[in-house]
Novice: 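The following block contains the structure, expressed as structure tokens.
Throughout, protein chains are lettered first and strands after them, A, B, ... in sequence-line order, and every chain is numbered starting at 1.
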Amino acid sequence: MIRFEDVSIAYGTRTVLSHVDFEVPEGELRLLVGPTGTGKSTLLGAVCGLVPHFTGGTFHGTVTVAGRDTRKHRPSELTDVVGYVGQDPLAGFVTESVEEELAYAMESLATPDAIMRKRVAETVDLLGLAELRDRPLSTLSAGQRQRVAIGAALTAQPKVLVLDEPTSALDPGAAEEVLAALHRLVHDLGVTVLLAEHRLERVVQYADTVALLRPGVPGIEVGEPGEVLLDAPVAPPVVRLAKLAGWSPVPVSVRDARRRAASLRSSLPEPPEPSPVEGEPLLSVRDLTVRHPGVTAVNGVGFTVGRGERVAVMGRNGSGKSSMLWALQGTGKRAGGVIEVAGADPSTLDPKRRRRLAGLVPSEPADLLYAETVAAECAQADRESGGNPPVSCWDLLCRFTPGIDPAAHPRDLSEGQRLSLAVAVVLTAAPPVLLLDEPTRGLDYPAKAALATRLRELAEAGSALLVTTHDVEFAAEYATRVIVLSDGEIVADGPAREIVTSSAIFAPQVSKVLAPARYLTVEEVRAGLA
Amino acid sequence: MSKRLHPVAWWAWALGLATAASPVTNPWLLALIVAVAGFVVAARRGPEPWSDAYKVFLRLGLLAIGIRLLFHLVLGGVEGPTVLIGLPQLTLPDWLSGIRIGGPVTAEGALAALYDGLRLAVLLGCVGAANALASPRRLVRSMPAALYEVSVAVVVALSMAPQLVASTKRVNRARTLRGDTDRGPRHLLRAVVAPVLHDALDRSLALAAAMDTRGYGRPGTVSKTARRLTAALMLTGVLGMCVGAYGLLARESTGLTGGLFLALGGALAVTGIVLAARRVPRTRYRPDPFGWREWAVTLSGAVAAGAVIATQALDPGVLNPPVTPLSVPGLPLYAALGVLAATLPAWIAPDPNKEAAR
């Protein structure tokens, strides 16, 4: 259905893909994996014709989709064979309501009105959008948007569906809904799906085959999910656990792994209880309430965080995590309650002194950055911190992520590097409390592991950390304590191990495989076996 | 899909009311017009963000009255015997003899300025009512296919504005996080405007890519000569319409030639639009029907305009009451009855709120 013949793509002198050769047969769900910057998005763009027609660049080789050569067909002429769902569905919406959005591609294809009505009705039922039919697109949740975007691509009845990170921005529940919808498309309609994703633990069990792009290596590896991922630079925890335990064939789903794990479970001792962190309290919150017009985002929340603690704040999208974080920093408004950071209320201070108490890295790290080079950004951060910070921003950055080119433009950095730069800018003011809002979006497994390590070092040096996330694997690696928010209220608060192992939604893969043994990460298992 | 009144009908109704207001300075009649518009908006507006447009336009109207009064205060205008305030008058050189700055402010003059400002405010109110009742996007959807590219640009621009506001807010908040309180214009340009524009550009590219993959701009089957012919037809037509409109409105020429030009130009332009529609191979999903309710709403606006125009022809004094001597103006009964007819949509148009609750 999709055929790549010796495809190489370069932007200027930068080669993104070289000598890629593969074929996706009809009706298959193929997962495309690889570390950031290996050209996953470019490959997906080449399938729907956006590369090179829309992006430019040098294109060698041939891509054919359902017999059509993408060199001779513009993306708009491939609409009836390829449906494309981009990373941010909201940015790709053209109309204002769900129903009109579903019909848009068909209107472009000059489909008669009667057929359009029939297909919209079918798509609505297929993807469970019946209640959303009349809703304006701006009022949908992230998961609903993703499903509408898939539906909007489907109504043109393409044979191939291409999705770029469909679950990365979603909480676990919403991701399940989207994946269930995709599963149904593959099984009931026989749609061929090519999908790129960083959060492999969510999607790999749905994939028939996996295609792997390795950094700096020409070509592409295609095969059974377990075999390809076994020594890939990116692999979900369950595969890494299988590698550690030497299981063959390699299971990719929690269920398969659990069936193999009986002997491993019996041979493992109980994981060592980490000594509880008992630092002096740095951050104390009582009765915190945040209101936005029409909703109470945070409702009477109270907790204390001590020096050296690493807290993960988890919960659905829209459960009030971000609102709480901004209010804690003092820049976000609160409707009531008491916040004390190192004995002072940050909201009463001016911004310069506020950031010396608590630093916040927003969910879009790029918002913090505006200089033309990394070096200029660091110099500006030093100036903003009174000209003579204890550790300069550049030194912090080198410590955090070595090897960043000081002359690079901040927007040209990889997601992980940009996050490091934003963290360094915030840390230049040496705040004892560091808050990060959804830092793992767009990070691959190595980058996430590196982030967890750096954060652990910071906490050991005496900071208190609070990170909002719905990435359960990251939370398992990073947190000593987990707070679960639901509709603006705390529904669980305690040691990470206790909270995540007792929850079906927030449990990491390793814990699901090894329950009732309360292991959270592959590294813990490795230490337990040793 | 909720049943809504066709947006074109709402605009026709509002323009009818505006036509009724434009020759009038009688405060009672103007107040009645704006009240009728407000009544219908209150009865039939939906829960969408643009539904508050009427209030915004009313505020703009108050501003217009204020500015009109201020101009009168400074530059003068209509004069009369009742002096309210004696402002000092600037002595200007002879060659500026037509212009007055300062000088006495008379009650008659202020009243005339107030009436004039009121008329502007009511016109703004009528436009506001149309904006509150008809979704701008759905109006764009009802455009002929020939204007498809233009209408898509309008839709994108409409969604861009709120996104720019949100993006500016976000960047500004992030700036506070850095402790960046520099308010110099050069710094703001770099620290706020540049990231916001960068964001907008990224989003536009994402949208363009999405539209491209969803079939936007598929080439039609019309030859180059046909395209040129359509363009020529449309240009000539629009030009003819301009000349015709000028002829109708200018006092010197006779209405007949002007009307002829207008009709001819209109015909050419319509032919052009119909031909150009073939260029865009598109269909429309659930096109909005133009039924009896739409016609009735349009007609009710036309009745209001007609009643006022008829009154103007029969008894022009009532619509523009004299300000000297100062007196309480009367209400022109037939014109008022005509304007009241424009409340009809409050009953016959479908209620979008009820629809949403269903």
Novice: Select one option (side chain, backbone, both, neither) describing which atoms of A/Arg356 are under 4.5 Å from chain B's heavy atoms.
Specialist: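 It is neither, since no heavy atom gets under 4.5 Å.
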Novice: Sort out for me which of A/Pro351, A/Gly49, A/Ala110 touches chain B most, counting heavy-atom pairs under 4.5 Å.
Specialist: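 Option with the greatest count: A/Ala110.
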Novice: How long is the span from the CZ atom in B/Arg214 to the CE atom in A/Met106, to the nearest 0.5 Å?
Specialist: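 Going from CZ on B/Arg214 over to CE on A/Met106, the span is 10.0 Å.
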Novice: Do A/Thr331 and B/Leu177 have side chains that approach each other closer than 4.5 Å (heavy atoms only, starting at C-beta)?
Specialist: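 A side-chain contact exists here, since the closest heavy-atom pair is under 4.5 Å.
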Novice: Within the distance-only criterion (no hydrogens, no angle test), does the side chain of A/Asp367 pair as donor or acceptor with the backbone N or O of B/Val171 below 3.5 angstrom?
Specialist: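 Checking the backbone N and O of B/Val171 against the side chain of A/Asp367, no donor-acceptor pair under 3.5 Å is found.
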Novice: Are the side chain of A/Glu107 and the backbone of B/Tyr285 linked by a donor-acceptor contact shorter than 3.5 Å?
Specialist: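 Here the side-chain-to-backbone pair exists.
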Novice: Using residues 78-85 of chain A as the side-chain source, report each donor-acceptor pair under 3.5 Å to any protein atom, sequence neighbours left out, with the distance given to one decimal.
Specialist:
unit_1, atom_1, unit_2, atom_2, d
A/Thr79, OG1, A/Ser76, O, 3.0
A/Thr79, OG1, B/Thr213, O, 3.2
A/Thr79, OG1, B/Gly215, N, 3.0
A/Asp80, OD1, A/Arg68, NH1, 3.2
A/Asp80, OD2, A/Arg68, NH2, 3.2

Novice: Of the backbone (N, CA, C, O) and the side chain (C-beta and beyond), which part of A/Leu50 lies under 4.5 Å from a heavy atom of chain B, both, or neither?
Specialist: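 Side chain of A/Leu50 only, per the 4.5 Å heavy-atom cut-off to chain B.
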Novice: Given a strict heavy-atom distance threshold of 4.5 Å, which part of B/Asn172 is in contact with chain A: side chain, backbone, both, or neither?
Specialist: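 Neither part.
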Novice: Heavy-atom distances under 4.5 Å only: say whether B/Ala194 touches chain A with side chain, backbone, both or neither.
Specialist: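 It is neither, since no heavy atom gets under 4.5 Å.
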Novice: Quick one: list whatever passes side chain to side chain donor-acceptor pair (under 3.5 Å) with A/Tyr104, sequence neighbours left out.
Specialist: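 Scan of A/Tyr104 (side chain to side chain donor-acceptor pair (under 3.5 Å), adjacent residues dropped) gives B/Tyr148.
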Novice: Quick one: does any side-chain atom of B/Arg203 pair with a main-chain N or O of A/Ala91 as donor and acceptor, under 3.5 Å?
Specialist: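 Side chain of B/Arg203 to backbone of A/Ala91, a donor-acceptor pair under 3.5 Å: no, none is there.
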Novice: Among A/Arg354, A/Arg411, A/Gln87, which residue has the highest count of heavy-atom pairs closer than 4.5 Å to chain B?
Specialist: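 Top option by heavy-atom pairs under 4.5 Å: A/Arg411.
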Novice: Taking atom CZ of B/Arg173 and atom CG of A/Leu360, what is their separation to the nearest 0.5 Å?
Specialist: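 It comes to 8.5 Å.
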Novice: Looking at every heavy atom in both A/Met116 and B/Thr283, which two are closest together, and how far apart are they?
Specialist: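 For A/Met116 versus B/Thr283, the nearest heavy atoms are CE-OG1, 3.2 Å.
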Novice: Counting only heavy atoms closer than 4.5 Å, note whether A/Ala429 contacts chain B via side chain, backbone, both or neither.
Specialist: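 No part of it gets close to chain B.
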Novice: Shorter than 4.5 Å, heavy atoms on both sides: which option in B/Ser167, B/Pro195, B/Ala209, B/Ser204 has the most such pairs with chain A?
Specialist: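 Most heavy-atom pairs within the cutoff with chain A belong to B/Ala209.
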Novice: Is the shortest side-chain heavy-atom distance between A/Pro75 and B/Met211 below 4.5 Å?
Specialist: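 No, their side chains stay 4.5 Å or more apart.
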Novice: Any carboxylate oxygen within less than 4.0 angstrom of a Lys/Arg side-chain nitrogen, looking at A/Glu384 and B/Arg175?
Specialist: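 So A/Glu384 does not pair with B/Arg175 through a salt bridge.
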Novice: Select, from A/Val425, A/Thr55, A/Leu369, the one with the greatest count of heavy-atom pairs under 4.5 Å involving chain B.
Specialist: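 Greatest number of close heavy-atom pairs with chain B: A/Val425.
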Novice: For residues B/Arg178 and A/Ala381, report the shortest heavy-atom separation together with the two atoms involved.
Specialist: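 Result for this residue pair: NH2-N, 3.6 Å.
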Novice: Which distance, rounded to the nearest 0.5 Å, do you find between the CG of B/Asp212 and the NE2 of A/His53?
Specialist: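 Separation between the atoms: 9.0 Å.
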Novice: State whether the number of non-hydrogen atoms from other residues, nucleotides or ligands found under 6.0 Å of A/Lys352 atom NZ is greater than 12.
Specialist: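 Correct, the count exceeds 12.
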Novice: Hey, what's the ring geometry for B/His187 with A/Tyr370, parallel, tilted or perpendicular (30° and 60° as the breaks)?
Specialist: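 It falls in the perpendicular class, over 60°.
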Novice: For residues B/Arg286 and A/Glu100, determine if any side-chain heavy atom of one lies less than 4.5 Å from a side-chain heavy atom of the other.
Specialist: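 Sidechains of A/Glu100 and B/Arg286: no contact.
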Novice: Counting only non-hydrogen atoms closer than 4.5 Å, does A/Val426 touch chain B with its backbone (N, CA, C, O), its side chain (CB onward), both, or neither?
Specialist: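 Neither part; nothing is under 4.5 Å.
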